[in-house]
Amino acid sequence: MPSSRLIALLDLDCFYAQCESVRLDIPSHLPVAVFQWSGAIAVNYPARAAGIKRFMKLEDMKKVASDIVAIHVEVETLSSAFIEEAGDEDVRKSKYKKQYSLTCEEKALAFSRENGHFPSRTSAQANIERYRYVSGLIFSRLRIFLDEVVGQGGYKLEKASIDELYVDLTEYVNKSRESTPPPLTGKVVIIGGDKNWTDDAQCLMAANLVSRLREDIKTTLGYTLSAGLAINKTMAKLAAGRGKPDGLAVLPRSSEAMKVALETTSVLEVRGYGGKGGKIVCENVLKFRGYNGPWEGDEYEEECKKLSMKMCGDCPADVLGSKHDWRLMNNGEEGEEVQHTKPGAPTKSITTFKSFVGDKESCHRKDDVKSKLGAWIEMMVKSLVRRVLDDSKRNNRWCKTLCVYFCNDVKAVKSKSTKFPGKSAQGKEESVTKFFIKTLEESTVWPIIRVGVSADNFFPLGAGLGIFLSKENEAGVTKPTDFKTTKVAKVVEKSTLFATVPPKSLAGICWNCKACTYENEADAKVCEICKTSRSVEDDEEYAKRLQKQFNDEEAEGVAIGVGVGVGEKRKAKKAKTVKDFFGS
DNA sequence: CATTTTGACGCT
DNA sequence: AGCGTCAA
């Protein structure tokens, strides 16, 4: 299977809990929970072993683990906000560096001061900057390791979230001449069992690299991570779940192993299918399979959970697509297409939020906005502008859009956006604050219990984006990155692995079959999947897509003020259904 | 059951 | 531009 990709997903184990364990030097056998107000947002594995879960309260934890370590996330308080100068990232960097390099005595002191002591949510906002810092450190270290071992350009690294990233190792394994890679170290799980571990030397090489990489992060920075290795991002993510904690799970590139994965994975476990959309897929599949209920209690949910990826793949596309255009398919040709790893991928938005609980705290009418929320708004605006300035320094970009969010109920979020003040504009905080207050005062929903503000739509100010930390960071990264914006983001994405909606990014390069929703090659006369003939309407829509894409690219080129070529256009590849893995 | 504070992205 | 969905 020489043309298949090899993608690894790396996932830091219970990340915030690890950060605190490292920062405060907490013995590894102790159960640790990181709290945000009264509920835990991260728990380590000893705690999980005792039955402790996310959102559990401290009293309940103590019942099952009396030695529980309870650390609260960092907060910004209303009273002591922001002594640091806006835009001085170095000040904050040294602040966080200091947090993680305490002496033994300082650690012990901080531990006793913090363990079990929670701040008041009525005068503070939770802030995860402490963990963003570690995330940056780890990602930077990963790049150093990969540059050393694989070589610059020989891999692609995409940040997926604060504690997750993808590494595309296809190029590395294709180029390498290494004949007998050293054996794997650490915990390794082979999905489908050892018997499915073929003599795939390239996959073994990639697995070996991931093992070493995990080891490197553990020895240099003291953090453990789990990893999944597979032919694409979705399967890598799935595999990583099997490797937890502190292990590597490989989905070998054999159809036998793929069969096992498809049969043993509930479709609800697949990224993107945990919510309403996944439920709709399940509903349709259940109907197709002749299960109509009536269902008692949790029966329905249980049936949904039992639906494997294979079962979904066995359904015709139109059964799944009745409402949401869902299609179940494996990657394109050779089972390898799709979801290209986006190199770098710096964050696309910066947001800050604060929720208020109880009637006393919430904002009931226009008059309450300034009196009750004024101080919060000021704090959040300062925090946002400061982070945007830091980001600007690091990534040499600025944002176009300012968006204010508020809601009276978790399900009814309202938002209003406007132009973000320019980088050199005077009084950025003041103008943002003004818009924030005005937007809330004009609210049609009361009481307001949650407010937030975000900066989005970043555009480059010049060449050379740094991605994780700026150049002289603690991990010693000095190389500028060669990441280029826009083009990469525009061209790369087509998500087609198991069950996806045809992505918008394909507009202009395919025609979309009405019968089965498949995105066909631009010049195909009949649908490659269901053989339906291309109609006049299809032609018209295709022409419209072409025009739209053309317009979009023109607009993009002007907006960022640099010469943007059309670039490489991704070709739609022939889809291979899950069924193909099972013959017939 | 939902909790909070993030973040990405799709639809109209 | 505004709202909805999904995830951790």
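All chains are named by letter (A, B, ...) in the order of the sequence lines, taking the proteins before the strands, and each is independently numbered beginning at 1.
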Problem set entry | Distance test, side-chain N/O of A/Arg271 to OP1/OP2 of B/dA8, below 4.0 Å | no
Problem set entry | Closest contact, heavy atoms only, A/Trp446 versus A/Lys366 | CH2-N, 3.5 Å
For this session: Tell me which nucleotide among C/dC3, B/dT4, B/dG7 gets nearest to the side chain of A/Arg387.
Result: B/dG7
Exercise. Is it the case that A/Gln125 and A/Thr352 place a side-chain donor and acceptor less than 3.5 Å from each other?
Worked result: yes
Exercise. Is the phosphate of B/dG7, meaning OP1 or OP2, less than 4.0 Å from a side-chain N or O of A/Thr347?
Worked result: no
Problem set entry | Rounded distance in Å - CZ (A/Phe435) to P (C/dA1) | 10 Å
For this session: May I ask you to verify if any side-chain N or O of A/Ser415 is less than 4.0 angstrom from the OP1 or OP2 atom of C/dA1?
Result: no
Exercise. When the distance from CD of A/Gln36 to P of B/dA2 is rounded to whole Å, what number comes out?
Worked result: 17 Å
For this session: Can you figure out which of C/dA8, B/dT5, C/dC6 approaches the side chain of A/Ser355 most closely?
Result: B/dT5
For this session: Round to the nearest Å and state the distance from A/Glu269 atom CD to C/dA7 atom C1'.
Result: 15 Å
Exercise. Under 4.0 Å between a side-chain N or O of A/Lys276 and OP1 or OP2 of C/dT5?
Worked result: yes
Seminar exercise, completed: A/Arg130 CZ to B/dT5 P, in whole Å, measures 16 Å
Exercise. Is the side chain of A/Lys372 donor-acceptor paired with the backbone N or O of A/Lys360 at a distance under 3.5 Å, no angle test?
Worked result: yes
Problem set entry | Side chain of A/Lys414 (C-beta onward), nearest among B/dT5, C/dC3, B/dT4 | C/dC3
Exercise. OP1 or OP2 of B/dG7 less than 4.0 angstrom from a side-chain nitrogen or oxygen of A/Lys348, does that happen here?
Worked result: no
Exercise. Between A/Val357 and A/Ala160, who's closer to the 5' end of DNA chain B by nearest nucleotide?
Worked result: A/Val357
Exercise. Between A/Ser161 and B/dG7, does any side-chain N or O lie under 4.0 Å from OP1 or OP2?
Worked result: no
Exercise. Is there a side-chain polar atom (N or O) of A/Thr351 under 4.0 Å from OP1 or OP2 of B/dT5?
Worked result: no
Exercise. Within the pair A/Lys416 and C/dG2, is there a side-chain N or O less than 4.0 Å away from OP1 or OP2?
Worked result: yes
Exercise. Checking all strands, does A/Thr352 fall into the base, sugar-phosphate, or nothing category for heavy-atom contacts under 4.0 angstrom?
Worked result: sugar-phosphate
Exercise. In terms of ring plane angle, is the pair A/Tyr16 and A/Tyr131 parallel, tilted or perpendicular, where the classes change at 30° and 60°?
Worked result: parallel
For this session: Mind listing the closest non-hydrogen atom pair of A/Ala126 and A/Val75 along with its distance?
Result: CA-CG1, 4.1 Å
Exercise. Rounded to the Å, how far apart are A/Lys237 NZ and C/dC6 P?
Worked result: 16 Å
For this session: Have a look at A/Val73 and say if it touches a base, only the backbone sugar-phosphate, or nothing, with a 4.0 Å heavy-atom cut-off.
Result: nothing
Problem set entry | Minimum-distance nucleotide to A/Trp37 side chain [options: C/dG2, B/dT4, C/dA8] | B/dT4
Seminar exercise, completed: Of the candidates B/dT5, B/dA8, C/dT5, the side chain of A/Arg450 sits closest to B/dT5
For this session: Just call it for A/Gly39: base, sugar-phosphate, or nothing, with non-hydrogen atoms closer than 4.0 Å on any strand.
Result: nothing
Exercise. A/Phe420 and A/Ala455: which non-hydrogen atoms are nearest, and at how many Å?
Worked result: CE1-CB, 3.8 Å
Exercise. Whole-Å distance between C/dA8 P and A/Arg54 CZ?
Worked result: 9 Å
Problem set entry | d(NE2, A/His72; P, B/dT5) in whole Å | 9 Å
For this session: Let me know the distance between NZ of A/Lys400 and P of C/dA1, rounded to the nearest Å.
Result: 10 Å
For this session: Would you classify A/Lys419 as touching base, sugar-phosphate or nothing, given that sugar-phosphate means primed atoms plus P, OP1 and OP2, and contacts are heavy atoms under 4.0 Å?
Result: nothing
